[in-house]
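A short worksheet on the structure shown next.
First listed ligand is number 1; within each ligand, the first listed atom is number 1.
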Amino acid sequence: MRLAERPAVRIGWPIAVGLVAIAVGYALSVGLSGYFVYLAVSAVTAAIAIMGLGIVTGSAGMIALCQLTFAAIGAWVVAALNVAEAPGGFIVWLVIGAAAAGGAGVLVGLPALRLRGVNLAVVTLGFAAAADVTLVQIQFPGSADGVAVLRPDAFSSDREYFFFSILVLAVCGVAVFFLQRGRWGSSWKAVAFSERGTAAAGQSVQTAKLTAFAVSAALGGVSGGLLAGQVGLPFASSFTPLQSLALYILAIMSGAHLIDMAIFGGVLWVLVPELLKRWGVPQDWGFVIFGVLGVQALTSGTNLGQGIRNVWWKRTDRAAAAKRSESTDAAAAASPPVDPVTTTTVATLDPAEATGAPVLVVEGLTVTFGALRALDDVSLEVPAGTIMGLIGPNGAGKSTFVDAISGFLQGHGGRVTLDGRDLSGLSPTRRARLGLRRTFQQDRVPPALTIDAYVRFVARRRLDRQDIDDALAFFGCPPAHTRLSGVDVGTRRLVEVAANMLARPRLLLLDEPAAGLSHEEHLALAARLRDVPSRFGTALIIIEHDLDLVRSVCPRLTVLDFGKVLASGLQDEVLDDPAVMKAYMGETEML
Ligand code: ADP
Ligand code: MG
């Protein structure tokens, strides 16, 4: 992740929050009595582990039920280095333990590349169970001989160690904050919503998942290492699969992708058993309570943190709405006028365009689904910087064409080249990076991101504020700070187009970009798309049902019918083609 790509992140205040947390931690470490200091360290270690779960589960949407196994790895490494009297002392051992746990996280994440949902849950729980059995047998280094883990010199008393744990928590919290707002964080939230959408943005799905597992597990490792320093002699009973399960539920329930909520979860982790103990109830009932709260969170679809934020956002949104409408009015007044698309406008060819080499060449593209030939020997060329309309009735094979070109359907017949380069066998991610982008007929825009984060994620290049604001205004999108969860699906499609344009691809395939837009918005989008080649230097293939709009926007047309190219070429020629006239003119679906 390159922080430099994200000038929008204000570096100051998260660090200020971290410093305040450290100050509060210091006050607590002086003020709390001995027993509570011990509990407080436990809450901090739990908070760090839950923060990790917030990444893999909360952000990236994968089920990982072995967080305390990663903690055990961290603890085991710290204990082993302690016994070996390795140089560097506790802090270095803690970092090494985190790295080891992170490595284990990648290994456990590998099945996640193929498995989802319950299957992934079973695999991770199985890993936790196997690790538990192993740990009970081999024990932690030093435990048999009573060689306790040496804390850092400056933090050897319990109070000092608590303050040390607060320092570690603050460092982890600030690091997670920046990771969540950086490219990795966006990729985690994107992959949770749609793997296809993630790949189409040029982001490797594998990398997104594995980085989530690695960072999450590394935080687990830090948590375990801290626990080793707290107790001196760690035991397997602190890291059982059942506790991992409870921790997972706590993370779901509190909304642990939010850092403050992870800390809240850590407090609950020690508070609930402690209260039960005081009330004379067996502590195992804590698991039942967590379980019930977790079921509640899963069935209602919102967690505590999200619930609190939704209330807060509604309030601030209302306040901002008035202000925003003023500013967008002003922006609309300032933006250059656009020729409205009317049925009388006819798209004409840019003279420069006809001379260039084709950006896309498709030869003999054939796709079969069982007995169905969805595409049958499709050949066409798209000159650089032009707009080609792809039309044909529902089921003609238009979306299949986009899928095959963009790499989502492998194993088809025929050849596709982009700027003369054969794309055979290249993944969707690779093709997107080479400058072949596509949008989807269904909504694949991750709602967990702001428009700003999404645009930067999709564009994959350095953008300044002005670039983004201009492109958003150009396509009639809401301002960059808007959360995507708060806008309708039609607007999300517009943002998808704007973000892909900012990637400055060679070719962008738009699969019914106007679905979900009102008639006026539809016309406005069409007018904007007409200016895309000259403004962004991108060629477009647009799938669109409204023939009047197609006529006014697309100088070139290709007509598909039952997977075959009926006609392809300049608009006039195609529309005058007898086969097209016969098949389409008067057909209600087209008009
Ligand atoms: P269009 O986008 O032009 O409406 P599609 O490309 O979505 O059409 O579909 C073309 C044909 O291929 C349709 O008959 C559709 O039912 C079929 N088809 C599309 N995807 C699949 C798939 N994954 N498996 C089987 N059939 C499919
Ligand atoms: Mg379609």
Provide, to 0.1 Å, the distance between [atom] and the closest protein heavy atom, together with that atom's residue and name.
{"atom": "atom 5 (P) of ligand 1", "value": "Thr400 OG1, 3.6 Å"}
{"atom": "atom 16 (O) of ligand 1", "value": "Leu372 CD2, 4.6 Å"}
{"atom": "atom 23 (N) of ligand 1", "value": "Phe369 CE2, 3.7 Å"}
{"atom": "atom 7 (O) of ligand 1", "value": "Ser399 CB, 3.7 Å"}
{"atom": "atom 10 (C) of ligand 1", "value": "Gly395 O, 3.5 Å"}

For this session: Please say whether Gly397 places an N or O atom under 3.5 Å from an N or O atom belonging to ligand 1.
Result: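 Min N/O separation from ligand 1 is below 3.5 Å for Gly397.
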For this session: Decide whether an N or O pair under 3.5 Å exists between Lys398 and ligand 1.
Result: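 N/O-N/O distance below 3.5 Å exists for this pair.
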Exercise. Going by the angle between their ring planes, with limits at 30° and 60°, are His519 and His522 parallel, tilted or perpendicular?
Worked result: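 Perpendicular: the ring planes of His519 and His522 meet at over 60°.
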For this session: May I ask whether Ala396 has any heavy atom positioned less than 4.0 angstrom from an atom of ligand 1?
Result: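 It does, in that a heavy atom of Ala396 comes within the 4.0 Å cut-off of ligand 1.
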Charged N to carboxylate O below 4.0 Å: is that the case for [X] and [Y]?
{"X": "Glu521", "Y": "Arg493", "answer": "no"}
{"X": "Arg438", "Y": "Asp403", "answer": "yes"}
{"X": "Lys398", "Y": "Asp511", "answer": "no"}

Problem set entry | salt bridge (Lys or Arg N to Asp or Glu O under 4.0 Å) between Arg465 and Asp452, intermediate numbers included | CA-CA 9 Å; Arg465 185 64 297 123; Asp452 186 72; 2.9 Å; yes
Problem set entry | Ring centres under 6.0 angstrom apart (Phe408, Phe440) |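 Ring centres of Phe440 and Phe408 closer than 6.0 Å.
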Exercise. Just heavy atoms, cut-off under 4.0 Å: does Asp511 contact ligand 1 by side chain, backbone, both, or neither?
Worked result: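 Neither; no heavy atom under 4.0 Å.
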For this session: Check ligand 1 against Asn394 and write out every atom of the ligand that is under 4.0 Å from a heavy-atom position of the residue.
Result: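 It comes down to these atoms of ligand 1: 4 (O).
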Exercise. Which of the atoms of ligand 1 are close to Ala374, meaning less than 4.0 Å from one of its heavy atoms?
Worked result: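 Within the 4.0 Å cut-off of Ala374, ligand 1 contributes 12 (O).
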Exercise. Nearest heavy-atom pair of Val205 and Val191: which atoms, and what distance?
Worked result: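 Smallest interatomic distance, heavy atoms only, reads CG1-CG2, 3.7 Å.
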Problem set entry | Verify atom 1 (P) of ligand 1: protein non-hydrogen atom under 4.0 angstrom away |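 Answer yes: something from the protein, a heavy atom, is under 4.0 Å.
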Exercise. From Asn394, does some N, O or S atom reach closer than 2.8 Å to the Mg ion (ligand 2)?
Worked result: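 Given the 2.8 Å cut-off, Asn394 does not count as a ligand of the Mg ion (ligand 2).
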Exercise. So, Thr400 and the Mg ion (ligand 2): N/O/S under 2.8 Å, yes or no?
Worked result: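 Short answer: no, not a single N, O or S atom is under the cut-off.
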Problem set entry | Within 6.0 angstrom of Phe562 CZ, more than 12 heavy atoms from elsewhere |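 Check fails, neighbour count at 12 or below.
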For this session: Establish, from distance only, whether the side-chain atoms of Gln441 and Ser399 form a donor-acceptor pair under 3.5 Å.
Result: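 A pair is found: one side chain offers a donor N or O, the other an acceptor, under 3.5 Å apart.
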